[in-house]
Amino acid sequence: MVGGGTGRRVGGRLVLGVPALLAVLLLVLPLLALLLRTDWSRLLADLATPTVWTALRLSLTTTSCTAALCLLLGTPLAWLLARSDHPGTRWLRALLTVPLVLPPVVGGVALLLTWGRNGILGGALSAFGIQIPFTTVAVVLAETFVSLPFYVLAVEGAMRGLDPRLEAVARTLGASELRYLRTVGLPLVLPGIASGLALAWARALGEFGATITFAGNFPGRTQTLPLLVYVELERDPQVATSISILLLAISVVVLGALRGRWLR
Amino acid sequence: MVGGGTGRRVGGRLVLGVPALLAVLLLVLPLLALLLRTDWSRLLADLATPTVWTALRLSLTTTSCTAALCLLLGTPLAWLLARSDHPGTRWLRALLTVPLVLPPVVGGVALLLTWGRNGILGGALSAFGIQIPFTTVAVVLAETFVSLPFYVLAVEGAMRGLDPRLEAVARTLGASELRYLRTVGLPLVLPGIASGLALAWARALGEFGATITFAGNFPGRTQTLPLLVYVELERDPQVATSISILLLAISVVVLGALRGRWLR
Amino acid sequence: GSGSSPSGDSTGAAGGSGAGSTATGASGAAGLTGTVTVLAAASLTESFDAIKADFEAAHPGVTVETSYGSSATLVQQVDNGAPASVLALAGSAAAEPLDKSLVKDTTSFARNILEIAVPPSNPAAVASINDLAKPTVKVVLCADTVPCGKAAQATFRKARVVPNVVSKEVDVKATLAKVRLGEADAAVVYHSDVVAAKDAVKGVAIEGQYNTSLTYPIITLTDDAATRAFVAYVLSDAGRHTLASFGFAAP
Amino acid sequence: MTSTRSTLTGLDARVRLRRGAIDIDVSLRAGAGEVVAVLGPNGSGKTTTVLALAGVLPLEGGHVRVGDELWEEVGRRRTPQERHVGLMLADSLLFPHLRAVDNVAYGPRSRGLPKGESRTRALDELDRVGLSALVHARPRELSSGQAARVALARALATRPSLLLLDEPLAALDPDTRARTRSDLAARLTAYDGVTVLVTHDPLDALTLADRLVFVEDGRVTQTGTPADVLREPRSAYAGTVVGLNLYAAHGDSHGHVAIEGGGVLVTTDPTEGRVWATVPPGAVSLHRHEPEGSARNAWPLRITDVTLQGQSARVGLAGELTLTAEVTLESVSALALHVGQAVWASVKATEVRTYPR
Amino acid sequence: MTSTRSTLTGLDARVRLRRGAIDIDVSLRAGAGEVVAVLGPNGSGKTTTVLALAGVLPLEGGHVRVGDELWEEVGRRRTPQERHVGLMLADSLLFPHLRAVDNVAYGPRSRGLPKGESRTRALDELDRVGLSALVHARPRELSSGQAARVALARALATRPSLLLLDEPLAALDPDTRARTRSDLAARLTAYDGVTVLVTHDPLDALTLADRLVFVEDGRVTQTGTPADVLREPRSAYAGTVVGLNLYAAHGDSHGHVAIEGGGVLVTTDPTEGRVWATVPPGAVSLHRHEPEGSARNAWPLRITDVTLQGQSARVGLAGELTLTAEVTLESVSALALHVGQAVWASVKATEVRTYPR
Ligand SMILES: Nc1ncnc2c1ncn2[C@@H]1O[C@H](COP(=O)(O)OP(=O)(O)OP(=O)(O)O)[C@@H](O)[C@H]1O
Ligand SMILES: Nc1ncnc2c1ncn2[C@@H]1O[C@H](COP(=O)(O)OP(=O)(O)OP(=O)(O)O)[C@@H](O)[C@H]1O
Ligand SMILES: [Mg+2]
Ligand SMILES: [Mg+2]
């Protein structure tokens, strides 16, 4: 009987392990291929150029701003969505997901139609001399547009998992909704927030289509790493690969450290 | 005192409501701008063409396959990640997030390096006469490559929220790990699975860069809606906008219905 | 309407397109069968769609499959086994990374020259290449790495003009889009792009002594009759005529 | 932040709402400083009532008034935060990410007390429930009884006007329970607010409460002081709690009482009309054969259940009527009592008490 | 799927592991069909022991053997699934998405019983805990007592070789508790496996168990039949459970017993060496002034605590020694007993029992 049990256990492991392994291979093999085809001897030389450094600095700055915006604006939105049971909420929620399906270039066009010189808000702004397209602010806006939905969806999911009676108890203890959120709600959904932030940050780091369309591509101002990769791909694919590997390394390190720190 | 309380309540609402409203505006205004600038009289004519229908059918087929792959391969992976406390897991998890940050075109190149004629797997496959790039299968692979990480991360987050004692009880009742997963674990994380699926599906529906690089842009075979948008953007931007609005409508309807059905 | 005159002839060139191409289509040999897979640069979208239609009308047994993308991507795809019969690229430089063993034949089939694109209202009143140096004129160019960017660099060098660049776009389409949407006051793009954009933009010609041209190679990758017929058709007068109607000059 | 609390903090509430299949309509009234124990079978609506008083579940009718403040009325309600209640539910519901001391200090902090003072008060409260050694433990490192004690300390730490305790002592071991009960008694004596205490333990109810409220199926079936209820229980459940056999019955005027479920009792009490009749278990004698003595009530019954309790045994009997007898361990062994056995039970007429329904 | 169960399903286990701050080392042994009650203060390691037996927490030492099957030994362990145990924890831990009946049918289904049969068995088990009316309710629609009853039904539905019950009756109202207790007694009698029952309720332990195991601070402090423990409790906690004053003491051979915490008792029992000494609370008399009668033990003490229990009162006393007295309600009012009051307590030497430690 113990033998049978072990057999069953191995069976269970297989049923789960084989598809999981397939999933890992599907995701990791292409990365491996990228690494295998990299000319490692050139890597450092490819990366130690002012262009790469400028783009790297810009990428890190804008993605940090984006992450901060997600945290500041996305968290309250996720909270309100999580506790609303109004039937309209579900359509609002679906609407918020749209930036995910919009081809990024179209997203960029939509942003231009909003913030551009002739856009529905941009017109008013340019009357005050404020120009958003082709600036670093535009990069942040584009990145926020595509990554905020990830954050909101991930965090809302986590917030729905909270036991509502915990809030009831906190409220009777004299906590306002805000205080409850700050002292109990948020700390308890920290894993969800961290994973949402990771998703959003990663998405922003890789963002290309909306950025190029909305913010353009100017070194030092709007040329982030993915834009540089694209530009280099036309000229020297090997340099593009090297920069991709830099992107890859940054994300693995940041996400690994972040998750190790915040997720359990 | 009641008055003070009400004041405080309104204050709380504001502190949450204002950023949430900003977040909604940030996401919804561009969509609104897109709708405002659409030539509605032409919309139907633009969409009622065989090219659009072919692309639509292809998009729906491939994204459904992608969603199915996420479900079949991603769920076991999420489960194994969620219960592993091995220190290596966190780096594996970070590695799996990489397709998110890889500029999609680089992702496409990596896929070509893997499955292409000279790729690390493609070489062996073409010996058997199997060609993956530039086929509908390649579209599905590209979409899966970019959306599986979303699914795995969202579902893993939900799975970590499960009370481990529920599993302990189910096991003592005679359930194998698999049976527990099927009968208790998965049903309880259904909201997480639904939201992960929504994220992954939406990401797949909007996928462009990896697809065009890895699968090419052949009508009827690999030309999905976003690729058609790209082609039409060159030819007639108005048609491109019309197709974007189609994409937008599909996603709102599908996500609204899905979430209404599965998420509470 | 200020500064619109130089573009007059280029838009005029797009005029009588369709008629000529069908006339020459009848000359093709009958009885050909098969599929011709054409990978073409995105800027060829309209012209190759028209050529495809004409060729298929002339050869009912042949199916032409087209796939449009950026030249660099297309080359990468062919290197990795894309099932392509014909590769049509924007600029011969793009063909450099191509695996030469796959190439059966290479011919230049079209040429494109640069032109300044401005919004229809021409808000910055751009009349010549010299206006692009004004600090009030927002200029977008292609990135230095892509062919149209290299060409623009050369042109500005020749004209001794330092333009007020706000963005260096990754491809010509993105460059043009900025003008289309009214975000930029001027962009340096190909003449064919200005033609394809119809009334969405206006062209301001760049004088010949500064202008730079780009040659489009057509590369044959398979050695079957249908493919040879297709390439021959592109190079024929009918093909040339169609290309010309979309703003391409002869090589 | 801290409201000036009315010195007159009596409770006057009527809780009406539907929950699941049952309709709840429970009135509770208590003077300042009183302890009201709410008793009732599982699922009768006790927790629901407590949640409604706390402002967690909205009323569908009725009102909640504490002192001279109106806390709720249909259409107007204060949030739980504005109510000054202390709530402890049967699940301890500790904040899982906070250490024990921070859980207890949470209330004082939220009510505006400075950090240091809150902490001192939390340490003090934890000390009172015997958890000084575990102040830094996280909830998942606590046993169920330890968690219940922290939850109790947390509810008490804000010195609320209305203290709502849902089975506060159920998870405690007898030793801790006795200590906590007497500690609670001492604190409730000093406390000028109203306490609502849900409990299944008759001992809690009898020793801690000034007034008992029995809730069955969402309705109040009896209220009164413990002494009232001990003397005259007025529902089957109240009978169980005080350990008496209780029957709804109808008396003629000749000392005969007809039980509604069947069976007749003979009594020396006045018996006109609708009455409650009680038989103390200790007054029931068991015999192998039909008794011949002076007992005027005797029935042949079947044993359904025997449980030992300290030095005596409780024997459940069923037949013409259902009856619980309490007999000495000697009788258990002398009669070799066992489940299923047929026995005679007798009760003297003087032991059967009746009072009007 | 269903294993052939050995007919000889005795339990032989030694559970050793660290949990939080305490080191657990608990040995449990029971013959087929026996019920072992595990008692102990909060946080003493009872739940931990139960989880280890179920295979949820791995042992760090010791073993678990049931019948002739080795379930665990360091380095070799069966999963919970391979153990045939029934587990009910103090939190009911129902599967929140399954209706009551499906929760109960889960075990039989998992053990390979056909759907219809599982359902029938589930309905039957729910009926036995009095929940026929709520078979289709979802867990969140159940009160805490109802949820506990479903969890109990679920644990029993698989007819396990080893049944682990962690405070199964704590959330039940007295009526249901009495019914469930006797139902449990009946079922455990018919059951050939071993039951481990964690409880804080002396009544559960005394009426349901064949053997009591007292666990304090992770160690077994006493084992024995209920009768053994009632007669000779061997730890302060066991003394509380059986309601006796218990002292660890040292006797000279002249009838004097020196209590380890302080104080001396005079007894008529043999008193050589290390002994336990017990004083029944009922044998303690209280007086306003120093008593003059025949009682050989008399101390001036202070009242720390008075609680009423049915017809009598328990009075906690402290001073030279701590002592609980049980007196009638009449004495309480006659002496006007109140907390803080100084009284004399006396005990006859014949009431003080001693037995070796
Ligand atoms: N969330 C809910 N939705 C629907 N019905 C519910 C819900 N919670 C409780 N109920 C039902 O409402 C009734 C009252 O439940 P409540 O929890 O108030 O009982 P209780 O008196 O506290 O019982 P217990 O002594 O078992 O704790 C029960 O019949 C229960 O089944
Ligand atoms: N997950 C955990 N991590 C660390 N320590 C724990 C954990 N769970 C319990 N403990 C500690 O282990 C000890 C034993 O806990 P256990 O739950 O076994 O006690 P118990 O005897 O069941 O108590 P109770 O009667 O209160 O239920 C306690 O001191 C507790 O604080
Ligand atoms: Mg309750
Ligand atoms: Mg426990």
Side-chain angles (χ1 to χ4, degrees), chain A residues 8 12 15-16 19-20 22-23 27 29-31 33-34 37 72-74 76-77 80 90-91 93-103 106 110-111 113-114 120 148 153-154 157 160-161 176-178 191-192 195 199 202-203 205-206 208 226 229-230 244 247-248 251-252 255-256 259-260, chain B residues 8 12 15-16 19-20 22-23 27 29-31 33-34 37 72-74 76-77 80 90-91 93-103 105-106 110-111 113-114 120 148 153-154 157 160-161 176-178 191-192 195 199 202-203 205-206 208 226 229 244 247-248 251-252 255-256 259-260:
Chain A
R8 228 180 304 143
V15 172
L16 292 171
L22 274 178
L27 295 176
L29 272 185
L31 306 179
L34 211 58
R37 296 300 167 94
L72 288 179
L73 306 185
L77 179 57
L80 295 181
R90 108 184 193 211
W91 294 106
R93 210 183 284 117
L95 199 64
L96 297 180
T97 324
V98 164
L100 298 183
V101 308
L102 227 48
V106 177
L111 285 169
L113 294 178
T114 309
I120 56 177
L148 189 54
L153 281 175
R160 282 196 180 269
S176 63
E177 185 181 353
L178 262 184
S195 103
L199 279 174
R203 179 68 184 83
L205 188 64
F208 167 72
V229 169
Y230 195 88
S244 297
L247 267 171
L248 198 152
S251 76
V252 168
L255 294 179
R259 295 198 137 242
Chain B
R8 227 180 304 143
V15 171
L16 292 172
L22 274 179
L27 294 177
L29 273 184
L31 306 180
L34 209 59
R37 295 300 168 95
L72 288 179
L73 306 185
L77 179 57
L80 294 181
R90 105 184 197 213
W91 294 107
R93 210 184 283 118
L95 199 63
L96 297 181
T97 324
V98 165
L100 298 182
V101 308
L102 225 49
V105 176
V106 177
L111 284 170
L113 293 179
T114 310
I120 56 177
L148 191 53
L153 281 175
R160 282 196 180 270
S176 63
E177 185 181 355
L178 262 185
S195 103
L199 281 172
R203 179 67 185 85
L205 188 64
F208 167 72
V229 169
S244 299
L247 269 170
L248 198 151
S251 76
V252 168
L255 294 179
R259 293 198 137 242

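Here is the naming used below: chain letters follow the sequence lines, and residue numbers restart at 1 for every chain.
Here the OG1 atom belonging to A/Thr114 is positioned 6.0 Å from the CG atom belonging to B/Leu29, to the nearest 0.5 angstrom. For the atom pair CG (B/Leu113) and CG (A/Leu31), the distance works out to 11.0 Å, reported to the nearest 0.5 Å. Atom CG of A/Leu80 and atom CG of B/Leu16 lie 5.5 Å apart (nearest 0.5 Å).
Top candidate by heavy-atom pairs under 4.5 Å with chain A, chosen from B/Pro30, B/Ala110, B/Ala154, is B/Pro30. Per-residue heavy-atom pair counts under 4.5 Å with chain A were compared for B/Val98, B/Leu96, B/Leu22, and the maximum is reached by B/Val98. Interface check for chain B: of the options A/Trp91, A/Phe208, A/Tyr230, the most heavy-atom pairs under 4.5 Å are formed by A/Trp91. Per-residue counts of heavy-atom pairs under 4.5 Å with chain A were compared for B/Ser244, B/Ala20, B/Gly74; the largest is that of B/Ala20.
Listed here is the closest heavy atom pair of B/Ala94 and A/Val252: CB-O, 3.6 Å. For the pair B/Ala23 and A/Leu77, the tightest heavy-atom approach, listed with the atom from each and the gap, is CB-CD2, 3.7 Å. A/Leu27 and B/Pro99 get closest at one heavy-atom pair: CD2-CG, 4.0 Å.
Using a 4.5 Å cut-off between heavy atoms, B/Leu72 contacts chain A through its backbone alone, with no side-chain atom that close. Both the backbone and the side chain of A/Arg203 come within contact range of chain B, with heavy atoms under 4.5 Å apart.
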>> Apply side chain to side chain contact (heavy atoms under 4.5 Å, CB included) to residues B/Val105 and A/Val229 and explain how you reach the verdict.
In response: CA-CA 9 Å; B/Val105 176; A/Val229 169; over 6 Å; no
